[in-house]
Enquirer: 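Pasting a structure here, questions to come.
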Amino acid sequence: MFAYYFKLGLRSLRRNPALTALMVLTLAIGVAASVSTLTILHMMSGDPIPHKSDRLFVPQLDNGPVEGWVPSDGPNDMQMSYPDAANLLKSGQGERRTAMYGIELPVEPPRSDIPAFNSRGLAPTRDFFTMFDVPFLHGQPWTEADDTRGADVVVLSREIAEKLFGSVNPVGKQLMMKGFPFTVVGVTDTWAPLPRFYKLIGGSRFGKGEEFFIPFSSAIRHEQGHSGSMNCSANREPGFANLLTSECTWIQFWFEARSASDRADLQSFLNNYASEQRKLGRLKRNAPNELYNVMEWMEELKVVGNDSKLSAWLAFGFLILCLVNTIGLLLAKFSVRASEIGVRRALGASRRDVFKQFLIETGVVGLAGGVLGLVLAFGALALIGMQSKGMATIARMDWQMLILTFVMSVLAALVAGLLPTWRACQVTPAIQLKSQ
């Protein structure tokens, strides 16, 4: 019986084609808006590095001033000072460690047709590339010896490498940055182009990836200040000198443990280290020492902000508005079929049969709206990806969202069809036969 009613539903799409097209389009627009927003929210709040997110940890040592701080405030210094970063790098804790901070350097292209320009980069240690699974198109990360001596070496992103050197492999070539010759040792392939991920690792906050990477020690040796946000006490001004003091927290630090079970040992080490630093007078606050894994750090940084969540609710509100319009259109569509319903009832069809028939027909409309909504959602996500390169990866729909598109569309149509279908069941056969 379901197959028979489904065929009737397909045939009903040809009745009142203008009305049917309006219903399908109304559902499609509402579903596309909701699914597009949910897709972006789902990808932004998802685990960016699922196979090791429970083994990557950010330590938080609060070295802010005592003035104006009370214990109930808890730790509120999200990054780390240079002395602490240097000590933790030497600690040997975890399987890998990296300290990093965002920088900006003037670049002098080797080609005369390209003028000098400023480029945003990141200054991490060598372990960074392994810890965050950075893929390489050419070459490899710099060596541990380069880290130790602060060598002038650079890893370029694929985008800037092609801009500066074209399609050739630039490994071994030199590039003038801040007036110093840096040797290219590697080129990263397309990697994690997510604004939330760059914010997570302390890099660019502007929706695009880092264009180059130089050793942390090299940035320190060249007295390169921080290019992004900072948290300085005593109203200190930006500058390299402040980066080396415990007064400014510009650096982010990450541990990679061998397993998630090592978290307790890492926390114990962090507590002992902080206790020693308090005795030395460096850490003045008695705030608890926090240790965050990747997902906890995303929550702490509020990577998915309230504005993103609000946009999801607004999209659902728009879907509800589309449902109200669909209800009105279905009432108009079913009202003109009163005589057909009267004949069916007179021939023995029960109200339940009529309800099933019209509800299945409504589901067919929803299915058609889902197909169109899917096309519109893909178009919206593609447009978002083109407008912002940093959103290119998150603006993709996985199979779960594909299924959700059809489920939402059919459910929306069925919900919208409940009242019109119930009204259709109330048709009195005698009155309709008499009028005919």
Side-chain angles (χ1 to χ4, degrees), residues 47-61 78-103 121-136 139-151 153-155 157 185-189 191-192 194 196-203 209-210 212-221 249-274 289-298 300-301:
D47 193 338
I49 189 165
H51 61 286
K52 60 164 59 177
S53 62
D54 60 346
R55 296 191 289 116
L56 293 171
F57 298 100
V58 175
Q60 187 176 3
L61 299 170
M78 289 190 172
Q79 299 188 61
M80 186 171 291
S81 65
Y82 175 78
D84 290 325
N87 289 336
L88 294 183
L89 282 174
K90 298 174 184 176
S91 68
Q93 293 296 312
E95 186 175 18
R96 297 181 182 88
R97 298 155 298 283
T98 187
M100 66 189 85
Y101 70 102
I103 59 176
L122 196 66
T125 61
R126 181 181 189 273
D127 279 349
F128 166 84
F129 299 98
T130 303
M131 290 173 68
F132 293 100
D133 296 339
V134 180
F136 274 77
Q140 59 189 355
W142 52 79
T143 65
E144 291 185 9
D146 292 331
D147 261 339
T148 301
R149 63 190 176 90
V153 292
V154 61
V155 170
S157 71
V185 296
V187 177
T188 63
D189 204 349
W191 166 71
L194 308 179
R196 65 188 174 101
F197 194 60
Y198 291 129
K199 183 177 180 181
L200 187 71
I201 61 175
E210 311 307 335
F212 68 88
F213 304 85
I214 65 172
F216 178 78
S217 53
S218 178
I220 298 298
R221 185 170 64 81
T249 53
W250 298 28
I251 299 166
Q252 191 175 119
F253 196 93
W254 285 81
F255 285 109
E256 181 181 347
R258 290 177 178 83
S259 68
S261 61
D262 291 341
R263 180 172 186 163
D265 293 337
L266 199 55
Q267 182 70 65
S268 178
F269 161 78
L270 201 63
N271 292 339
N272 293 334
Y273 171 80
N289 310 299
E290 303 289 350
L291 199 62
Y292 300 94
N293 63 27
V294 171
M295 297 303 291
E296 292 166 348
W297 190 234
M298 286 179 63
E300 181 69 16
L301 291 180

Enquirer: Indicate yes or no for a side-chain donor-acceptor contact from N87 to the backbone of D84 under 3.5 Å, with no hydrogens or angles considered.
Expert: no
Enquirer: In the structure I gave you, are the side-chain heavy atoms of S91 and Y273 within less than 4.5 Å of one another anywhere?
Expert: no
Enquirer: Does some side-chain heavy atom of T125 sit less than 4.5 Å from a side-chain heavy atom of W254?
Expert: no
Enquirer: Looking at every heavy atom in both I251 and M100, which two are closest together, and how far apart are they?
Expert: CG2-O, 3.4 Å
Enquirer: Kindly compute the distance separating CZ (F255) from CG (D262), expressed to the nearest 0.5 Å.
Expert: 12.0 Å
Enquirer: What pairs with S157 under side-chain hydrogen bond (donor to acceptor under 3.5 Å, both in side chains), at least two apart in sequence or on another chain?
Expert: none
Enquirer: Would you call F269 and L291 a side-chain contact if the rule is heavy atoms closer than 4.5 Å?
Expert: no
Enquirer: Any non-hydrogen side-chain atom of L88 less than 4.5 Å from a side-chain atom of Q93?
Expert: no
Enquirer: Determine whether a donor-acceptor pair (N or O, by modelled atom type, separation under 3.5 Å) exists between the side chain of D147 and the backbone of R126.
Expert: yes
Enquirer: Locate the shortest heavy-atom distance separating V155 from F136; write the atom from each residue and the value.
Expert: CG1-CE2, 3.8 Å
Enquirer: Are any non-hydrogen side-chain atoms of P215 and V153 less than 4.5 angstrom apart?
Expert: yes
Enquirer: Quick check on E95: does its CD atom have over 12 non-hydrogen neighbours (other residues, nucleotides or ligands) under 6.0 Å away?
Expert: yes
Enquirer: Check whether any side-chain heavy atom of F216 lies under 4.5 Å from a side-chain heavy atom of T98, and answer yes or no.
Expert: no
Enquirer: Indicate whether any N or O donor in one side chain lies under 3.5 Å from an N or O acceptor in the other, for D54 and N293.
Expert: no
Enquirer: A side-chain contact here means heavy atoms from C-beta on lying under 4.5 Å apart; do E256 and D127 qualify?
Expert: no
Enquirer: What closest approach, in Å, do P59 and F253 show between heavy atoms, and which atom pair accounts for it?
Expert: CD-O, 3.3 Å
Enquirer: Side chain of T148, backbone of E144: donor and acceptor closer than 3.5 Å?
Expert: yes
Enquirer: With a 4.5 Å heavy-atom cut-off, do F57 and W297 have their side chains touching?
Expert: no
Enquirer: Taking atom types as modelled, find out whether D146 and T143 have a side-chain donor-acceptor pair closer than 3.5 angstrom.
Expert: yes
Enquirer: Going by the rule ring pair (Phe, Tyr, Trp, His ring centres under 6.0 Å), which residues pair with F213 if we only count those two or more places apart in sequence or in a different chain?
Expert: F128, F129
Enquirer: Decide yes or no on side-chain contact (heavy atoms from CB on, under 4.5 Å) for I103 and I214, but give the supporting numbers first.
Expert: CA-CA 9 Å; I103 59 176; I214 65 172; 3.5 Å; yes
Enquirer: Excluding sequence neighbours, so at least two apart, what forms salt bridge (charged side-chain N to carboxylate O under 4.0 Å, His left out) with E296?
Expert: R263
